[in-house]
There are 2 protein chains.
Amino acid sequence: MSDFAPTEARINNTIQKYPAFPRDPAVLVRLVKHLYKEVHDEANGVMKPYGLNHPEYNILMMLYGAAGNAMNPSQLADAAGEKLANVTRLTTRLCDMGLITRAASEDDRRKVELTLTDAGMVLIENFLPDIVKLLHRQTRNLTPSEQRVLEGLLKKMLAGFGG
Amino acid sequence: MSDFAPTEARINNTIQKYPAFPRDPAVLVRLVKHLYKEVHDEANGVMKPYGLNHPEYNILMMLYGAAGNAMNPSQLADAAGEKLANVTRLTTRLCDMGLITRAASEDDRRKVELTLTDAGMVLIENFLPDIVKLLHRQTRNLTPSEQRVLEGLLKKMLAGFGG
DNA sequence: TATTGATAATACAGAAATGAACTATATACT
DNA sequence: AGTATATAGTTCATTTCTGTATTATCAATA
């Protein structure tokens, strides 16, 4: 659950000492962090019975949603928000599990094509009901229109990054 | 920057194959993840010159905002969104750096009091200008009132977790 | 066609985070 | 008081992640 009031109190104290500290941005960043940690932990919990963790789940879902169920490591890194070196490790494990395959690309020999296997597909459709439940639970406090507003604002915020 | 359009395309594909997959919750969760990764990486970047990383920065800021500049490891774990075992490691390092102190609590001998030192305070006020810049940059696309709306919705979403 | 520079991926060593087991103290109950 | 239970922290082994160097291929150009 995580009560957010103490966090706000701390930020207020911080501003007392250091007036230039921007309250709203600080609150937003801390909220994002707390939300992510919850998302991460809960997804790990749901996936554990399937022998997977949250990042592995993400990789599989990116492929599941990709054209031809295939992507390169770089694309995957970008899509899943993982470092490239980490994608190598994660996909190696998924290969070993027989959920995806790794093959050199035809047109560009530097590239690697990671493709979902039938077994991977089956596993995904096996755990998806649990994930769907989880997603609904994690957003249960928001009405559909609130979800849309939130989506728009998060996108806007994200677009401001990186400059 | 991270273009979010491909993510949405993938989610649409996913729904084609698996109609029960809830679009909006999925988008929200992926947005939170992407935002967090950016926040994390950028904070790491800003703190590096000060010999600290993002989690260590967080710990220090929690203490800076706490009454008496002191907290227990458990409180700190909760506040910073870190696992207790990780807080032990992080605070040990901060102790070694002379930025905080660790002392047994008077009233409850199980508890430990972590307190910011003068050196810690000085360091914080040294790096805060950079952090303030970062926070403003990360929210530059949002108007003040949008920030308030976003804050409200994130809090609402967070409150729905954990059940 | 050589050379230069960029891109894709991996390897590997070191850093960070997690779960589970353990120690110590406090609280509740009989 | 004595025992059971819960809470606070730490330790340690394992897992996960990151940064940097390296290999291989491609693209541009002289």
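First the proteins, then the strands, lettered A, B, ... as listed; each starts at 1.
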Visitor: Rounded to the nearest Å, what distance is computed from the CZ atom of residue Arg93(B) to the P atom of nucleotide dA17(C)?
Guide: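 Interatomic distance, CZ of Arg93(B) to P of dA17(C): 11 Å.
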
Visitor: Got a sec, which residues hit side chain to side chain donor-acceptor pair (under 3.5 Å) with Asn53(B), two or more places apart in sequence or on another chain?
Guide: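 Side chain to side chain donor-acceptor pair (under 3.5 Å) list for Asn53(B), sorted by chain: empty.
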
Visitor: Between Lys83(B) and dA17(C), is there a side-chain N or O to OP1/OP2 distance below 4.0 Å?
Guide: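 Result: no.
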
Visitor: Going by side chain to side chain donor-acceptor pair (under 3.5 Å), name the residues that satisfy it together with Ser105(B), two or more places apart in sequence or in a different chain.
Guide: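 Side chain to side chain donor-acceptor pair (under 3.5 Å) list for Ser105(B), sorted by chain: Asp107(B).
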
Visitor: For Glu82(A) and dA9(C), give me the distance from atom CD to atom P, rounded to whole Å.
Guide: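 After rounding, the gap between these two atoms is 16 Å.
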
Visitor: Could you tell me the separation between the CG atom of Leu94(A) and the P atom of dT16(D), rounded to a whole number of Å?
Guide: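 One finds 11 Å between P of dT16(D) and CG of Leu94(A), rounded.
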
Visitor: Going by the rule salt bridge (Lys or Arg N to Asp or Glu O under 4.0 Å), which residues pair with Lys83(B) if we only count those two or more places apart in sequence or in a different chain?
Guide: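 Once residues adjacent in sequence are excluded, the partners of Lys83(B) under the salt bridge (Lys or Arg N to Asp or Glu O under 4.0 Å) criterion are Asp41(A).
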
Visitor: Distance check needed: dA9(C) P versus Leu90(A) CG, whole Å only.
Guide: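 Spelled out: CG on Leu90(A) to P on dA9(C) is 15 Å.
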
Visitor: Just by distance, no angles: are the side chains of Thr14(A) and Arg23(A) close enough, under 3.5 Å, to form a donor-acceptor pair?
Guide: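 Judged by distance alone, the side chains do not pair up.
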
Visitor: Listed by chain and number, what are the side chain to side chain donor-acceptor pair (under 3.5 Å) partners of Tyr18(B), not counting sequence neighbours?
Guide: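 None.
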
Visitor: Tabulate protein N/O versus nucleotide N/O from nucleotides 1-7 of chain C, keeping only pairs under 3.5 Å, one per line.
Guide:
| from | atom 1 | to | atom 2 | distance (Å) |
| --- | --- | --- | --- | --- |
| dT7(C) | O2 | Arg110(A) | NH1 | 3.0 |

Visitor: Please give, in whole Å, the distance from dT16(D) P to Asp41(A) CG?
Guide: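 To the nearest whole Å, that distance equals 14 Å.
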
Visitor: Would you mind listing every side-chain hydrogen bond (donor to acceptor under 3.5 Å, both in side chains) that reaches into residues 113-127 of chain A, with sequence neighbours excluded?
Guide: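 Qualifying pairs: Tyr64(A)-Glu125(A).
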
Visitor: Base contacts versus sugar-phosphate-only contacts with protein, heavy atoms under 4.0 Å: please encode nucleotides 10-15 of chain C as B, S and - from 5' to 3'.
Guide: BB----

Visitor: Toward the 5' end of DNA chain D, which comes first, His40(A) or Asp108(A), by nearest nucleotide?
Guide: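 Between the two, 5'-proximity favours His40(A).
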
Visitor: Whole Å only: how far is the CG atom of Leu76(A) from the P atom of dC17(D)?
Guide: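 These atoms are roughly 13 Å apart.
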
Visitor: Any idea which of dG9(D), dA17(C), dT25(D) is nearest the Arg109(A) side chain?
Guide: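 Looking only at heavy atoms from C-beta outward on Arg109(A), the closest nucleotide is dT25(D).
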
Visitor: Using side chain to side chain donor-acceptor pair (under 3.5 Å) as the criterion, list what pairs up with Asn44(A), not counting sequence neighbours.
Guide: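 With neighbours one apart ignored, the set is His40(A).
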
Visitor: Rounding to a whole Å, what distance do you find between His54(A):NE2 and dG19(C):P?
Guide: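 After rounding, the reported distance stands at 14 Å.
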
Visitor: Under 3.5 Å, is there a donor-acceptor pair between the side chain of Asn72(B) and the main chain of Ser74(B)?
Guide: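 No: the side chain of Asn72(B) does not pair with the backbone of Ser74(B).
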
Visitor: Could you work out, with salt bridge (Lys or Arg N to Asp or Glu O under 4.0 Å) as the rule, every residue matching Lys37(B), not counting sequence neighbours?
Guide: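 Lys37(B) satisfies salt bridge (Lys or Arg N to Asp or Glu O under 4.0 Å) with Glu82(A) once adjacent residues are dropped.
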
Visitor: Heavy-atom nearest nucleotide on DNA chain D for Lys48(B) versus Asp107(A): which residue maps closer to 5'?
Guide: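 In this pair, the answer is Lys48(B).
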
Visitor: Asn86(B) has an atom CG; how far is it from atom P of dT14(D), in whole Å?
Guide: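 From Asn86(B) CG to dT14(D) P: 19 Å.
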
